[in-house]
Amino acid sequence: MDIAVTETILVTGGAGYIGSHACVALLIAGFEVVVLDNFSNSHPLALERVQKITGRTLVFQQGDLRDHTMLDQLFHAHRISAVMHFAVLKAVGESCSNPLAYYDNNVVGTIHLLQVMQAHAVQRLIFSSSATVYRPSAVMPLDENAALGATNPYGQTKQMIEQMLMDCCASAPWQVALLRYFNPVGAHESGLIGEDPAGIPNNLLPYVAQVAAGVREVLPVFGNDYNTPDGTGVRDFIHVQDLVAGHLAALRLLLTKDKQQAFCRPYNLGTGNGYSVLEMVQAFERISGKSVRYRIMPRRDGDVAACWANAQRAQQELSWVAEKNLDAMLADSWRWQSNNPQGYRS
Ligand code: NAD
Ligand code: UFG
């Protein structure tokens, strides 16, 4: 069935790394976009760049998910068909030192969103979940039936929200896609939007890119004694453009679902391939032509040796597969980093 392109999609966290790429994909696909963001981890320039890339405008509301009155007004003002919900806090370490801030922002924020959606009979939601909801396991790849068991407060908030959404679907006809991301990297090929971590990056790729750009001196490699081919951690890196294409595929599925029938289903979004930390460093040096100094450090608490996806369900049910290879991920990441050495504050 064709989807009417006049559908309006609310994107919470639309100024953030993945949300801004989702806005580009939605606008290019012809959807109207309303963004809600409080800029707690993003910059308004990201939204200007989204409009520059697409040649289209979006509606922007600065505000916090926990502001129930503002949310209610937003749903009154716009005829929203579905929500893509990216707005959470996501730093694993910070979630361990300040768990209440994470439960409040992520879980309480989502409760407000769901309450307002329900009050306005908007019950289609795409939720940014994460491979972090899976219990650490030595058996790879992970499919959607793998046991759950998040190991830190950030992951717990994702697991709780998944559970809340399943409970909502058991009581009313919500249509929900739980998209479990593996390791999103890369940037839009324009080099205009990308990942802009505040302070010291927590994740591998932004750190590697900042060392290559001379913003940081040396990459800490957390452990080289794992049971992996070169001893360093192995992850399933996925291009952010592929990731947002998965969101569009899920959105199209939800928009064709009968509004009276509940639907709630998890989908892994990954490539099914694993690359080690040192493979990433070497590939980044090759792509950027820069050297990336690194130092082997002790293992990081909470890390698993290896993690990659079985993404066959998304292929079968969403007709989606990740298409971009590692070189494209790193070239786009490097273009963003070298064009914007200090991120949006450059
Ligand atoms: P991000 O921090 O760049 O984007 C999140 C956005 O939400 C930011 O713009 C922030 O300002 C906004 N925000 C946070 N709390 C808010 C609130 N209460 N009200 C309004 N706005 C709020 O993060 P991202 O990397 O784009 O991640 C997007 C989603 O994907 C998150 O839900 C994250 O947990 C999930 N995810 C990310 C990764 C990853 O490696 N980037 C992996 C798995 C899952
Ligand atoms: N790593 C380093 N040095 C760094 C950063 C990371 O060696 O400076 C290593 C880690 O030890 C790990 C690998 O690089 O072996 C990947 O680490 P990331 O922090 O980039 O990613 P994670 O797999 O730990 O976690 C990410 C997100 C989580 C999300 C998970 C699955 O941070 O929020 O992917 O989607 F849940």
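Whatever order the structure lists ligands and atoms in, that order sets their numbers, starting from 1. Side chains are part of it too, since the values below use all heavy atoms of this structure and drop only hydrogens, waters and symmetry mates.
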**Q** Please write down residue, atom name and distance for the protein heavy atom closest to atom 27 (O) of ligand 1.
**A** I18 CD1, 3.8 Å
**Q** Given 3.5 Å as the limit, does a donor-acceptor pair link the side chain of E195 with the main chain of G186, or not?
**A** no
**Q** Could you find the nearest protein heavy atom to atom 14 (O) of ligand 2 and give me its residue, atom name and distance?
**A** V277 CG2, 3.4 Å
**Q** Distance to 0.1 Å, residue and atom name: give those for the protein heavy atom nearest to atom 24 (O) of ligand 2.
**A** R300 NH2, 2.9 Å
**Q** Spell out, as yes or no, whether a donor-acceptor pair under 3.5 Å connects the side chain of Q315 to the backbone of V321.
**A**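 No; judged by distance alone, with no hydrogens or angles, the pair does not exist.
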**Q** Which ligand 2 atoms, with their elements, are less than 4.0 angstrom from a heavy-atom of N202?
**A**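 With N202 as reference, the close atoms of ligand 2 come out as 5 (C), 19 (O).
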**Q** Within a radius of less than 6.0 Å around CD of E323, do more than 12 heavy atoms belonging to other residues, nucleotides or ligands occur?
**A**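 It does not: E323 CD has 12 such atoms or fewer within range.
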**Q** Give the residue and atom name of whichever protein heavy atom lies nearest to atom 10 (C) of ligand 2, and the separation in Å to one decimal.
**A**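 For atom 10 (C) of ligand 2, the nearest protein heavy atom comes out as D303 OD2, 3.4 Å.
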**Q** Which protein non-hydrogen atom lies closest to atom 23 (O) of ligand 2, naming both residue and atom, and how far is it?
**A**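 Of the protein heavy atoms, R235 NE, 2.7 Å lies nearest.
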**Q** At a 4.0 Å threshold, what atoms of ligand 1 neighbour a non-hydrogen atom of F39?
**A** 11 (O)
**Q** Of all the non-hydrogen atoms in the protein, which one sits nearest to atom 34 (O) of ligand 2, and at what distance?
**A**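 The closest one turns out to be N183 ND2, 3.4 Å.
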**Q** Should you measure from each heavy atom of G63, which atoms of ligand 1 turn up under 4.0 Å away?
**A**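 In order of number, 19 (N), 20 (C).
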**Q** To which protein heavy atom is atom 4 (O) of ligand 1 closest, and what is the distance rounded to 0.1 Å?
**A** G16 CA, 3.5 Å
**Q** Is the shortest distance from a heavy atom of A46 to ligand 1 less than 4.0 Å?
**A** no
**Q** Taking non-hydrogen atoms only, is L204 closer than 4.0 angstrom to ligand 2 via side chain, backbone, both or neither?
**A** both
**Q** Keeping R56 on the side-chain end and F31 on the backbone end, is there a donor-acceptor pair under 3.5 Å?
**A**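 Yes, because the side chain of R56 sits within donor-acceptor range (under 3.5 Å) of the backbone of F31.
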**Q** If the cut-off is 4.0 Å to any non-hydrogen atom of S130, which atoms of ligand 2 fall inside it?
**A** 29 (C), 31 (C), 35 (O), 36 (F)
**Q** Have a look at ligand 2 and work out which part of Y181, if any, has a heavy atom under 4.0 Å from it: side chain, backbone, both or neither.
**A** backbone
**Q** Among all protein non-hydrogen atoms, which one is nearest to atom 28 (C) of ligand 2, and what is the separation to 0.1 Å?
**A**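 Among all protein heavy atoms, the one nearest atom 28 (C) of ligand 2 is Y154 CE2, 4.4 Å.
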**Q** For ligand 1, is any non-hydrogen atom under 4.0 Å from E195's backbone (N, CA, C, O), its side chain (CB onward), both, or neither?
**A** neither
**Q** Please tell me whether N340 and R49 have a donor and an acceptor in their side chains that are separated by less than 3.5 angstrom.
**A**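 Their side chains do contain a donor-acceptor pair, which is all the 3.5 Å distance test asks for.
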**Q** With respect to atom 41 (N) of ligand 1, which of H85, R66, K90, R180 exhibits the smallest heavy-atom separation?
**A**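 Going through H85, R66, K90, R180 one by one, K90 has the nearest heavy atom to atom 41 (N) of ligand 1.
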**Q** Count the heavy atoms belonging to other residues, nucleotides or ligands that lie under 6.0 Å from CZ of R299, then report whether that count exceeds 12.
**A** yes
**Q** For ligand 2, is Y226 a contact, meaning one of its heavy atoms is under 4.0 Å away?
**A** no
**Q** Answer yes or no: is there a donor N or O on one side and an acceptor on the other, between the side chain of H188 and the main chain of S190, under 3.5 Å?
**A**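 Looks like yes, one N/O pair under 3.5 Å.
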**Q** Please state which part of N203 comes within less than 4.0 Å of ligand 2, counting heavy atoms only: side chain, backbone, both or neither.
**A** both
**Q** In this structure, would F39 and L45 fall into the same cluster of hydrophobic residues linked by side-chain contacts under 4.5 Å?
**A** yes
**Q** Has N98 got more than 12 heavy atoms of other residues, nucleotides or ligands less than 6.0 Å from its CG?
**A** yes
**Q** Classify the ring geometry between Y102 and Y154 as parallel (under 30°), tilted (30 to 60°) or perpendicular (over 60°).
**A** perpendicular
**Q** Counting heavy atoms only, which part of S129 comes closer than 4.0 Å to ligand 1: side chain, backbone, both or neither?
**A** backbone
**Q** Which atoms of ligand 1 have any heavy atom of S130 under 4.0 Å away?
**A**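 What qualifies from ligand 1 is 43 (C), 44 (C).
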**Q** Is the side chain of Q159 donor-acceptor paired with the backbone N or O of A150 at a distance under 3.5 Å, no angle test?
**A** yes
**Q** Please check if the number of heavy atoms outside R345 that lie under 6.0 Å from its CZ is greater than 12.
**A**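 Above 12, so yes.
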**Q** Nearest to atom 6 (C) of ligand 1, what protein heavy atom do you find, and at what distance?
**A** G13 CA, 3.5 Å
**Q** For ligand 1, which atoms sit closer than 4.0 Å to a heavy atom of K158?
**A** 31 (C), 32 (O), 33 (C), 34 (O), 35 (C)
**Q** Can you tell me which residue and heavy atom of the protein come closest to atom 19 (N) of ligand 1, and the distance to 0.1 Å?
**A** L65 N, 3.0 Å
**Q** Is there a nitrogen or oxygen of V221 sitting under 3.5 Å from a nitrogen or oxygen of ligand 2?
**A** no
**Q** Between the candidates Y181, Y154, Y17, F182, which shows the shortest non-hydrogen contact distance to atom 3 (O) of ligand 1?
**A** Y17
**Q** Report the nearest protein non-hydrogen atom to atom 17 (C) of ligand 1: residue, atom name, distance rounded to 0.1 Å.
**A**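 Looking at atom 17 (C) of ligand 1, the protein heavy atom closest to it is N38 ND2, 3.3 Å.
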**Q** Identify the closest protein heavy atom to atom 7 (O) of ligand 2: which residue and atom is it, and at what distance?
**A** F222 N, 2.9 Å
**Q** Please could you name the atoms of ligand 2 that T132 approaches to less than 4.0 Å, counting only its heavy atoms?
**A**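 Matching atoms, with element in brackets: 36 (F).
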**Q** With no hydrogens and no angle check, just 3.5 Å: does a side-chain donor-acceptor pair link H43 and D196?
**A**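 Side chains of H43 and D196: no pair found under 3.5 Å.
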**Q** Looking only at protein heavy atoms, which one is nearest to atom 28 (C) of ligand 1, and how far off is it?
**A**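 Checked against all protein heavy atoms, atom 28 (C) of ligand 1 sits closest to F86 O, 3.7 Å.
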**Q** Give the table of side-chain donor-acceptor pairs shorter than 3.5 Å for residues 140-148, with sequence neighbours excluded, one pair per line with atom names and distance.
**A**
| unit_1 | atom_1 | unit_2 | atom_2 | d |
| --- | --- | --- | --- | --- |
| D143 | OD1 | N145 | N | 2.8 |
| D143 | OD1 | A146 | N | 3.3 |
| E144 | OE2 | N268 | N | 2.8 |

**Q** Quick check on contacts: which atoms of ligand 2 are under 4.0 angstrom from a heavy atom of F182?
**A**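 Counting atoms of ligand 2 from 1, those under 4.0 Å from F182 are 31 (C), 34 (O), 35 (O).
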**Q** Mind checking whether P220 has an N or O less than 3.5 Å away from an N or O of ligand 2?
**A**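 Yes: some nitrogen or oxygen of P220 is under 3.5 Å from one in ligand 2.
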**Q** Once you measure the plane-to-plane angle for F284 and W334, does it fall in the parallel (<30°), tilted (30-60°) or perpendicular (>60°) bin?
**A** perpendicular
**Q** Return yes if some donor-acceptor pair links the side-chain N/O of N152 with the main-chain N/O of V92 below 3.5 Å, else return no.
**A** no
**Q** Between the side chains of R66 and N105, does any donor sit under 3.5 Å from an acceptor?
**A** yes
**Q** May I ask you to decide if Q260's main-chain N or O and D258's side chain share a donor-acceptor pair within less than 3.5 Å?
**A**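 The answer is yes, because a donor-acceptor pair under 3.5 Å joins these two groups.
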**Q** Going by side-chain hydrogen bond (donor to acceptor under 3.5 Å, both in side chains), name the pairs with one or both residues in residues 106-118, residues two or more places apart or in two chains.
**A**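 Sorted pair list: H68-H112, H85-T110, N106-T157.
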**Q** Under 4.0 Å from a heavy atom of G233: which atoms of ligand 2 are those, numbered in the order shown and with their elements?
**A**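 Checking each atom against G233, I get 15 (O).
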**Q** Where the side chain of K257 meets the backbone of A262, is there a donor-acceptor pair that is under 3.5 Å apart?
**A** no
**Q** For N41, is at least one N or O under 3.5 Å away from an N or O on ligand 1?
**A** yes
**Q** Between ligand 1 and S40, can you find any atom pair, the residue atom being a heavy atom, that is separated by under 4.0 Å?
**A** yes
**Q** So which heavy atom in the protein is nearest atom 10 (C) of ligand 1, and how far is it from that ligand atom?
**A**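 Here the closest protein heavy atom is D37 OD1, 3.4 Å.
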**Q** Could you check atom 40 (O) of ligand 1 against the protein and tell me its nearest heavy-atom contact, residue, atom and distance included?
**A**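 Minimum-distance protein heavy atom for atom 40 (O) of ligand 1 reads P184 CD, 3.4 Å.
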**Q** We want to know whether T232 and N224 form a side-chain donor-acceptor pair, criterion being a heavy-atom distance below 3.5 angstrom.
**A**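 On atom types as modelled, these side chains do not qualify, holding no pair under 3.5 Å.
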**Q** Using a strict cut-off of 4.0 Å, indicate which atoms of ligand 2 neighbour a heavy atom of A131.
**A** 31 (C), 35 (O)
